[in-house]
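See structure below.
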Amino acid sequence: MDTKAFKRSLQHSENYNRKGFGHQAEVATQLQSEYQSNLIQQIRDRNYTLQRGDVTIRLAQAFGFCWGVERAVAMAYETRQHFPTERIWITNEIIHNPSVNQRMQEMEVQFIPVEANIKDFSVVDIGDVVILPAFGASVQEMQILHDKGCKIVDTTCPWVSKVWNTVEKHKKGEYTSIIHGKYKHEETVATSSFAGKYLIVLNLQEAEYVTNYILNGGNREEFLAKFAKACSPGFDPDQDLERVGIANQTTMLKGDTEKIGKLFERTMMQKYSPTELNQHFQSFNTICDATQERQDAMLELVEQNLDLMVVIGGFNSSNTTQLQQIAFDWNIPSYHIDSVARIKSVDAIEHRQLTGELVITENWLPKGEIVVGITSGASTPDKVVEDIIEKIFALKGTAALV
C-alpha cells in the first residue's frame, strides 16, 4: 500500500478534518474552567516554589499539558459541540489521562470496543464521527473508517506526524526503520504502519543485541523469536539490516534515542566504512520538543535537595514513565500516581513502579520539614496537580496537629 498517497487522498476528502470547526473561543473557556488551576499559576509566579507549614513544593519548570495534547483535547471538545446529536467514537484514549478520558465518556464520546486485543469497527456506521487521538491511528484503521464513509476528526500531534514522514523517507530509500519505542504503544503501532521494513527496539540493550548481530552475525531463529512482535512481517535480519534509518516514539527519553542512533551510526560505519555511511544509515531529529523540555526540567529538579518526588500522570503514559525513570536513576524516593485518590493517607500511597506493578507504600510522607518535587506528564491537567499538592499540604498540616 502506498501509505503516503493514501494519507494525501484522505486529507483531501470532504469527510476529513484536522483544523477544528471554529469553536475555539468557547472551547478555550471550557477547558480553562475544567483543567487549569489558579494554585499552579501562583507557584509558577513564585519561581516554581511554594511553602506552607513544614512543606516546600518545588515544581518542575516544564510539566503538564503540552501543545499537542491541549490541541487534541480542544479538538475533541469542538467535535462534540459541532456535532451535538451525532454518534461520536474515538479509536483510542484521546490522551493518557484517566480524568480527561472520563470526561470524554461523560460527553458521550464512545471508545471503539476491543475484543481479544482487536478493535471492533463494526459498531461504526456511515455518518458517524470518529476522532483519531493525539497518538494517531494506523493506516489500516484510517482505511477502514474512510471506506465506511465516516467523518474523521484527526487530532494526531504534528510531532507524531513528523515521525511518520521520517519512516516514509526510510521506506522510499529502502532503509529499514529502527524505531526506538514500545511495540504495544498506539503511537508506535501507528508509526510502524507507515513504515516499510521495521524493527522496534525498547532500549539500548536491545539495540546492542541488534548491532552485534549486524557486525558478527548470530542465531537467526533466536533473533526472530526475540523480536517476533516488534518487526515487520517477513523480516529477515540477514538481509534487512544492511540499510537502516532511526525513528522513535516521541515520548521516549531523548538521551536514550540519541545513544541508540549513535550506536547504529558507529556500527554501520564500522561495517561499511565512513565513506559509505550515507548508503547504509539515515537519521533525522524526531525527538518531540515538549518531551525534551519536560525531561530537561526534571533533570534540573532532581539536582535540588528533595526529600521525595511525586510524578503525576496516567499509568499508561510513556512520557510520564520516562520522568519517573529519571527520579529512579537519581535514587530519590518517588511515587508515580495518576490522581489524588492514590494518596490514601499520611501513612499510605498507592503508586506505579517502573515494572508496571501497582504497590502501596507505607510511611511515604516523612515527618518534620520536607521538600517535595512535583512534575507531571504531558497529558496531565494542572487541576490534577493542584489536587495532589493540596492533599499533601492537608496531610502534613493534620499530622503536625496530632
Side-chain angles (χ1 to χ4, degrees), residues 1 3 91-92 96 114 116-119 135-141 160 163-171 174-265 267-268 280-284 286-288 291 316-319 321-322 325 354-356:
M1 179 184 183
T3 52
T91 59
N92 261 313
H96 283 157
V114 178
N117 294 322
I118 298 174
K119 292 177 189 170
F135 318 103
S138 71
V139 176
Q140 293 77 14
E141 291 176 355
V160 175
V163 182
W164 294 354
N165 292 336
T166 294
V167 298
E168 290 274 15
K169 290 175 185 175
H170 295 165
K171 181 167 59 177
E174 297 186 349
Y175 292 80
T176 292
S177 294
I178 305 293
I179 304 171
H180 175 214
K182 302 172 181 178
Y183 72 84
K184 288 184 179 179
H185 193 283
E186 51 264 61
E187 181 190 324
T188 298
V189 170
T191 296
S192 62
S193 76
F194 283 93
K197 295 170 184 172
Y198 67 83
L199 182 71
I200 301 165
V201 296
L202 176 63
N203 50 35
L204 189 59
Q205 289 71 33
E206 288 192 359
E208 287 170 343
Y209 180 93
V210 176
T211 53
N212 183 63
Y213 193 97
I214 291 172
L215 292 174
N216 306 308
N219 186 320
R220 185 174 183 275
E221 286 68 33
E222 179 188 89
F223 186 104
L224 291 174
K226 183 177 180 68
F227 294 101
K229 297 180 179 179
C231 64
S232 49
F235 189 86
D236 183 351
D238 298 317
Q239 301 289 329
D240 298 337
L241 293 172
E242 293 180 358
R243 293 161 63 86
V244 301
I246 303 298
N248 70 302
Q249 181 183 313
T250 58
T251 52
M252 301 303 280
L253 280 173
K254 168 197 172 187
D256 289 353
T257 297
E258 290 176 337
K259 287 175 185 175
I260 288 168
K262 290 294 183 184
L263 174 64
F264 275 94
E265 182 179 31
T267 298
M268 304 314 267
H280 296 276
F281 177 78
Q282 277 193 346
S283 180
F284 304 95
T286 57
I287 295 170
C288 164
T291 300
N316 55 348
S317 166
S318 180
N319 76 87
T321 302
Q322 305 305 339
Q325 180 69 57
L354 285 170
T355 59

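Expressed to the nearest 0.5 Å, how far CG of Leu253 lies from CG of Leu204 amounts to 12.0 Å. Interatomic distance, Thr257 OG1 to Ile178 CD1, rounded to the nearest 0.5 Å: 13.0 Å. Rounded to the nearest 0.5 Å, atoms CG (Leu215) and CE (Met268) are 9.0 Å apart. Interatomic distance, OG1 of Thr291 versus CG of Asn248, reported as 8.5 Å (0.5 Å rounding). Annotation: the span from Glu265 atom CD to His280 atom NE2 amounts to 14.0 Å, rounded to 0.5 Å. Rounding to the nearest 0.5 Å gives a distance of 10.0 Å between CZ of Phe264 and CD of Glu208.
In this structure, the ring of His185 has its center less than 6.0 angstrom from the ring center of Phe135.
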Run Tyr209 and Val201 through side chain to side chain contact (heavy atoms under 4.5 Å, CB included) and show every step you take.
CA-CA 10 Å; Tyr209 180 93; Val201 296; over 6 Å; no
I'd like to know whether Lys119 forms a salt bridge (charged side-chain N to carboxylate O under 4.0 Å, His left out) with Glu141, so could you lay out the CA-CA distance, the side-chain angles of the two residues, the decisive distance to 0.1 Å, and finally the verdict.
CA-CA 9 Å; Lys119 292 177 189 170; Glu141 291 176 355; 2.8 Å; yes
With salt bridge (charged side-chain N to carboxylate O under 4.0 Å, His left out) as the criterion, how do Asp236 and Arg220 come out once you've worked through the C-alpha distance, each side chain's angles and the decisive distance to 0.1 Å?
CA-CA 8 Å; Asp236 183 351; Arg220 185 174 183 275; 3.3 Å; yes
What do the steps show when you test Lys197 against Ser177 for side chain to side chain contact (heavy atoms under 4.5 Å, CB included), and what is the final call?
CA-CA 6 Å; Lys197 295 170 184 172; Ser177 294; over 6 Å; no
Passes side chain to side chain contact (heavy atoms under 4.5 Å, CB included), Tyr183 versus Tyr198? Steps please.
CA-CA 11 Å; Tyr183 72 84; Tyr198 67 83; over 6 Å; no
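Judged by distance alone, the side chains of Ser283 and Lys262 never bring a donor and an acceptor atom under 3.5 Å apart.
At distances below 3.5 Å, at least one donor-acceptor pair connects side-chain atoms of His96 with backbone N or O atoms of Asn316. Judged purely by atom type and a 3.5 angstrom limit, Glu206 uses its side chain to pair as donor or acceptor with the backbone of Leu202.
Here the shortest heavy-atom pairing between Ala247 and Val163 reads CB-CG1, 4.1 Å. Taking each heavy atom of Tyr213 and Pro237 in turn, the nearest pair found is CE2-CB, 3.6 Å. Scanning both residues, Asn92 and Glu186, for their nearest heavy atoms gives ND2-CB, 3.5 Å. Of all heavy-atom pairs between Gln322 and Thr251, the closest is CG-O, 3.2 Å. Phe281 approaches Ile246 most closely through the heavy-atom pair CE1-CG1, 3.6 Å. The minimum heavy-atom distance linking Tyr175 with Gly245 is given by the pair CB-N, 4.1 Å.
When side chains are defined from C-beta on, Asn165 does not count as touching Phe284, because their heavy atoms never get closer than 4.5 Å. When side chains are defined from C-beta on, Val167 does not count as touching Lys171, because their heavy atoms never get closer than 4.5 Å.
Around CD of Gln140, the count of heavy atoms belonging to other residues, nucleotides or ligands within 6.0 Å exceeds 12.
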Pair up each side-chain donor or acceptor in residues 187-195 with any protein partner under 3.5 Å, not counting sequence neighbours, and list the distances.
residue	atom	partner	partner atom	Å
Glu187	OE1	Thr250	OG1	3.0
Glu187	OE2	Thr250	N	2.7
Glu187	OE2	Thr250	OG1	3.2
Thr188	OG1	Lys182	O	3.4
Thr188	OG1	Gln249	OE1	2.8
Thr191	OG1	Trp164	NE1	3.3
Thr191	OG1	Glu187	O	3.1
Ser192	OG	Thr188	O	3.1
Ser192	OG	Val189	O	2.9
Ser193	OG	Val139	N	3.0
Ser193	OG	Ala190	O	2.6

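When the options Thr176, Asp240, Leu199 are evaluated for a side chain to side chain contact (heavy atoms under 4.5 Å, CB included) with Cys231, the one that passes is Leu199.
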